[in-house]
Amino acid sequence: MAFLCSQCGHRSVKWFGRCPGCGQWDSLSETGPERASDVVDSTWLGEELRSISEIDLEKVNRLPSGLSELDRLLGGGLIPGGVILFGGEPGIGKSTLLLQMAESIARGAGKILYVSGEESEGQVKLRAARIGANSGRLFVLSEQSLHRIMAAVEQVEPLVLIVDSIQTTADERVAGEAGSVKQLREVSAALIQLTKARGMTTFLVGHITKEGSFAGPKTVEHLVDVAIYLEGSRTEDVRILRSVKNRFGATNEVAVFQMTAKGLVEIEDPSRFFLGDTDRPRQPGSVYVPVLEGTRPILIELQALVSPTGGYGVPQRRCTGLDVNRVLLMLAVMEKHLDVHIGGADVYMSLAGGLDVRERGTDLGVIAAVLSSLRNRALSNRTAVVGEVGLSGEIRPVRRLKERMAEAVHLGIERLIVPKTSRMAKQEGLELVAVEYVHEAIEALNF
Ligand code: TYD
Ligand code: MG
């Protein structure tokens, strides 16, 4: 008798609640006495063994999801046999988005099975009514048992299976409550096997909390082909879908949606959505920056408000949508290299539209916005800036400058302050001002 860790393969003669090999809880399970080396039969491969040159590339027919932004994120649609982990905080809109997709596929390509372990069929219907889902080929099942879900798949033979969520699905033969690490792994492995065998596409919904404290979806991330996460705040209606793993396409892609009374609406031109009317004269403290979300350029508006700290109060430093530590660093760079003193002032920074950008290409924008507010001088609304700022005030290059330039021009920007590089790209209709140090950038902004 032996116990084997399903996580790291550690073998032990005794059962432990926590694997001595990798420290994972509840991962040891009883195995037979044999080791793999005892059961190897060298004849079994026979003619099945092929060299890579003999393997035919089956033509993969991707299935459009009906949501072009989701298709783009996935690398061109759903792959038969692919399993997609769809994570996000509770209430962010996962069920809504998947039901919208389900309806659109059911209207076009074929049957969908939507399994909810959290809501009754009536509740799913209520949501469906809100988003106008009513297809006869969209089957809904309120079920938590893995085996009944698998039986339903055999019966419906869907093109796409949606399991909402893996935390509520359980295999009765496995110990542990639904949502435990062991159950998550068993349930996911069984559904993955079924998906590959049937050549359908499966979405596994996984809840994660803001702190990411619940390790649930993370434990299955390495089992699935694609992992995408829906992010956003419940107070703003913007939702960002982000791919963190994709065996069939690029990762770190994003798609932007807006939650409306009739479900999620794709935003194909996020810059325009976040910026609003670019023809309005700008207020002091506002700066346009072409940032990258994944590989996608988006022109954003950074806003700074600098005001004297009243009395003997401690100066405030507040940020939304930006990394506060990076902003503090930029304030220090301004003190040192621009001789600008902000010690007696409160600084508030935010990103218009509810985006959250963690990218160093915004550095120069932060400095420009703070100065603009401090001097109470507005920038031209045809000017934008981009560049990482180093500790000695040098401006560092940014990734994919060409794409950022194109996006800026698309939004009506005519002048862009950029980091100087040996080979400068060109863009019609855009005057580039290449700078090496932060003071040059400020001179070029001319305020
Ligand atoms: P939901 O899809 O249930 O989130 P999740 O499955 O990620 O937990 O979305 C819940 C929120 O979305 C809820 O607060 C109501 C809101 N909502 C809309 O604003 N419009 C809609 O059309 C729908 C269906 C939901
Ligand atoms: Mg839900």
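These numbers come from a predicted model, not from an experiment. Both ligands and their constituent atoms are indexed starting at 1 by order of listing.
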K.L.:
Please confirm whether Arg127 comes within less than 3.5 Å of ligand 1 when only nitrogen or oxygen atoms on both sides are compared.
P.N.:
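In this structure, Arg127 places an N or O atom under 3.5 Å from an N or O of ligand 1.
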
K.L.:
Indicate yes or no: does an N/O atom of Gly263 lie under 3.5 Å from an N/O atom of ligand 1?
P.N.:
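For ligand 1, there is an N or O atom that lies under 3.5 Å from one belonging to Gly263.
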
K.L.:
Could you tell me if Arg282 sits above the aromatic ring of Tyr288, with its cationic atom closer than 6.0 Å to the ring centre and no more than 45 degrees from the axis?
P.N.:
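The answer is yes, since Arg282 meets both limits relative to Tyr288.
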
K.L.:
Determine whether any heavy atom of Glu89 lies closer than 4.0 Å to an atom of ligand 1.
P.N.:
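Glu89 counts as a contact of ligand 1 under the 4.0 Å cut-off.
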
K.L.:
Working note: Asp363 + Val333, criterion side chain to side chain contact (heavy atoms under 4.5 Å, CB included); need CA distance, chi angles, decisive distance, verdict.
P.N.:
CA-CA 10 Å; Asp363 287 353; Val333 168; over 6 Å; no

K.L.:
Below 4.0 Å from any atom of ligand 1, is there a heavy atom belonging to Gly88?
P.N.:
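Heavy atoms of Gly88 never come under 4.0 Å of ligand 1.
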
K.L.:
Does the N or O separation between His207 and ligand 1 drop below 3.5 Å for any pair?
P.N.:
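N/O-N/O distance under 3.5 Å: no.
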
K.L.:
Looking at Arg296, Glu301, Glu407, which one forms a side chain to side chain donor-acceptor pair (under 3.5 Å) with Ser271?
P.N.:
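Filter result, single survivor: Glu407.
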
K.L.:
Does Glu221 pair with Lys245 as a salt bridge, N-O distance under 4.0 Å?
P.N.:
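Looking at Glu221 and Lys245, the cut-off is not met.
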
K.L.:
If I take every N, O or S atom of Ser116, is at least one of them less than 2.8 Å from the Mg ion (ligand 2)?
P.N.:
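Here the distance criterion (N, O or S atom, under 2.8 Å) is not met by Ser116, so no.
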
K.L.:
To the closest 0.5 Å, what do you measure between OG1 (Thr201) and CZ (Arg62)?
P.N.:
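These two atoms lie 10.0 Å from each other.
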
K.L.:
What are the atoms of ligand 1, with element, lying closer than 4.0 Å to any heavy atom of Pro90?
P.N.:
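The atoms of ligand 1 under 4.0 Å from a heavy atom of Pro90 are 8 (O).
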
K.L.:
Report the C-alpha distance between Leu445 and Thr383 in whole Å, list the side-chain angles of each, state the deciding distance to 0.1 Å, and finish with yes or no for side chain to side chain contact (heavy atoms under 4.5 Å, CB included).
P.N.:
CA-CA 8 Å; Leu445 284 171; Thr383 301; 3.9 Å; yes

K.L.:
Counting each atom of ligand 1 from 1 as listed, which ones have a heavy atom of Met259 under 4.0 Å away?
P.N.:
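Contacts of ligand 1 toward Met259, numbered from 1: 12 (O), 16 (C), 17 (N), 18 (C), 19 (O), 20 (N).
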
K.L.:
Considering distance alone, does some N or O of Gly93 sit under 3.5 Å from an N or O of ligand 1?
P.N.:
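N/O-N/O distance below 3.5 Å exists for this pair.
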
K.L.:
Give the C-alpha distance, both sets of side-chain angles, the deciding distance and a yes or no for side chain to side chain contact (heavy atoms under 4.5 Å, CB included) between Glu266 and Gln258.
P.N.:
CA-CA 7 Å; Glu266 300 176 81; Gln258 183 181 20; over 6 Å; no

K.L.:
Answer with yes or no whether Leu230 contacts ligand 1, where contact means a heavy atom under 4.0 Å from a ligand atom.
P.N.:
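The answer is no: ligand 1 sits nowhere under 4.0 Å from a heavy atom of Leu230.
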
K.L.:
Just to be sure I read this right, does ligand 1 sit under 4.0 Å from the backbone of Arg130, its side chain, both, or neither, counting only heavy atoms?
P.N.:
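Side chain only; the backbone of Arg130 stays clear of ligand 1.
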
